[in-house]
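Every number for a ligand or one of its atoms is a count from 1 in the order of the listing. Quick note: residue numbers are just sequence positions, from 1.
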Amino acid sequence: MIFTETRGNDGSHEASVSFSEALLSPMASFGGIYSPQEMHPVAADFLRRHIDSSYQEMSLALLEHLEIDIETPLLRQALDLYRRFDDPDDPVPLVKFEDRLFVSELYHGPTRAFKDMALQPFGLILSTLARQQDRQFLILTATSGDTGPAALETFRGRANIRVACLYPDGGTSDVQRLQMVTEAADNLKVIGIHGNFDDAQSALKTLLASETFNQRLREMNISLSAANSVNFGRIIFQMLYQFHSYLALVRWGEIELGDEVVLHIPSGNFGNALGAYYARGLGLPIAKIVIASNANNVLTEWIDSGRYDLSKRDLIATTSPAMDILKSSNVERVLFDLFGATRTRELMQQLDDNGWYQLSPQEHDPIRAIFAADFCTDEESLHYIREGFAQGYLMDPHTATCFKTCRLPEFAGQVNIVYSTAEWTKFAPVIDEAINGNRSQNDRAALDAVAASAQIDVPAIIDDLFDKPVAHPGVVEKNAIEAEILDFLTGSD
Ligand SMILES: *Cc1c(COP(=O)(O)O)cnc(C)c1O
């Protein structure tokens, strides 16, 4: 598979690269990103041949079909990391919620959110490539709560990679913060900053633009890569589980091979949804990909009207913080795939200059044919969590947004799959409020209250966090970040 630049070439980057090159250096000309030039559907009998395959076998077959420049033994080793998930033989269990409504649980990895699906294999591959090429990389991330823990967990102790992770102190759940600050390893640095996620992100941008910082990295021979979903190395592991859940439905006799299903995806940066888009391109029978949002409903407007408009919006803090995003980076890859680089560059330029763009009716048509969308307020999401619990199912607030979309009349009678992106334990205070009416409890109290109501134990992986020693106590002002990270890189802290 060849990757090209979503906004065309300005002479400063390679116009087309291999998968491994896109993974090591994801940023392309004019602020664009690398994206597949084209994607060929799998053979007509692919699904039939893999009805009884393990997650790993089926995934390996898909990755080999894509012809990426990673050797098969390394791919196997990367996919084998899913054996560390709760059920080694079924890392992504599908659960029947009710007739024609299923939940694919993407959160059974070490940090209890769907980020592990991609970051677990991605971490091994990036580190192995870096070692083979004898290069040192720094991954800088600003996290609103799920990417940070998953990135730290996957890179812990890995050769040739260092990770510096910025999080907003007070802006994540207690569990998410503990997952980060208790990750002890020489190649990891976690820094709390005073402020919110936007402040963490803008601090990161300032750092990336700092001439002295980049000069120091060059002197130390350290390259920057990225672990967010602009990196296609993450997307590629997010276009496999849709096949897995589809095949489970065939095995169970819920659908026949070839029947179409509706996928519901709690969306933020559009990486999960993009994986579904490519799975459809590979030939998986998908009737619609439904984009669920919270009150930050810019994607709902985009899909309903073809207008992507940031100009009259401020970010709203919701109970589903991983979806508190206005500029969804991966939408750009859909634009590129449908309309090509020239038009993508034009649209992204308009978004930067004016804060909005409007697709033509002819451009809007294919978007509407593939996607549908709706958004769910915090109030509504409490309702869906409560309703789900009454039916014996615990869900997190991100997943709850999909219970709004899958109840829409247009999807009644179809087979619906909700992609669940986090375990309830990461957002226990919201669940506690939904099912017990408790408000503003801390995570510890809320975990215990929910576990008592559900008559289950708090999973050990979460429970143990509260007793682990804190390895990264630092919370700093924005202007101290550069020095902190340089100290970390030179080993003087
Ligand atoms: C990251 C995340 C999302 C959003 O996924 P995108 O790929 O950014 O759209 C949704 N829910 C949870 C719990 C997440 O961690």
N/O pairs closer than 3.5 Å, ligand 1 and protein:
residue: ligand 1; atom: 7 (O); partner: G271; partner atom: N; Å: 3.0
residue: ligand 1; atom: 7 (O); partner: N272; partner atom: N; Å: 2.9
residue: ligand 1; atom: 8 (O); partner: N269; partner atom: N; Å: 2.8
residue: ligand 1; atom: 9 (O); partner: G268; partner atom: N; Å: 2.7
residue: ligand 1; atom: 9 (O); partner: N269; partner atom: N; Å: 3.2
residue: ligand 1; atom: 9 (O); partner: F270; partner atom: N; Å: 2.9
residue: ligand 1; atom: 11 (N); partner: T421; partner atom: OG1; Å: 2.8
residue: ligand 1; atom: 15 (O); partner: K115; partner atom: NZ; Å: 2.7
residue: ligand 1; atom: 15 (O); partner: D146; partner atom: OD2; Å: 2.6

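Annotation: side chain to side chain contact (heavy atoms under 4.5 Å, CB included) contacts of E260 (sequence neighbours excluded): P285, A287. In this structure F197 satisfies the ring pair (Phe, Tyr, Trp, His ring centres under 6.0 Å) test with no other residue, sequence neighbours excluded.
A donor-acceptor contact closer than 3.5 angstrom is absent between the side chains of N294 and T401.
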Could you pull out all donor-acceptor pairs under 3.5 Å where a side-chain atom in residues 141-148 meets a protein atom, sequence neighbours excluded?
residue: T143; atom: OG1; partner: G145; partner atom: N; Å: 2.9
residue: T143; atom: OG1; partner: G148; partner atom: N; Å: 3.0
residue: D146; atom: OD1; partner: Q176; partner atom: NE2; Å: 2.9
residue: D146; atom: OD1; partner: K426; partner atom: NZ; Å: 2.7

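In terms of modelled atom types and a separation under 3.5 Å, the side chain of N296 and the main chain of L315 share no donor-acceptor contact.
Between E379 and R386, no side-chain nitrogen of the basic residue sits less than 4.0 Å from a carboxylate oxygen of the acidic one, so the salt-bridge criterion is not met.
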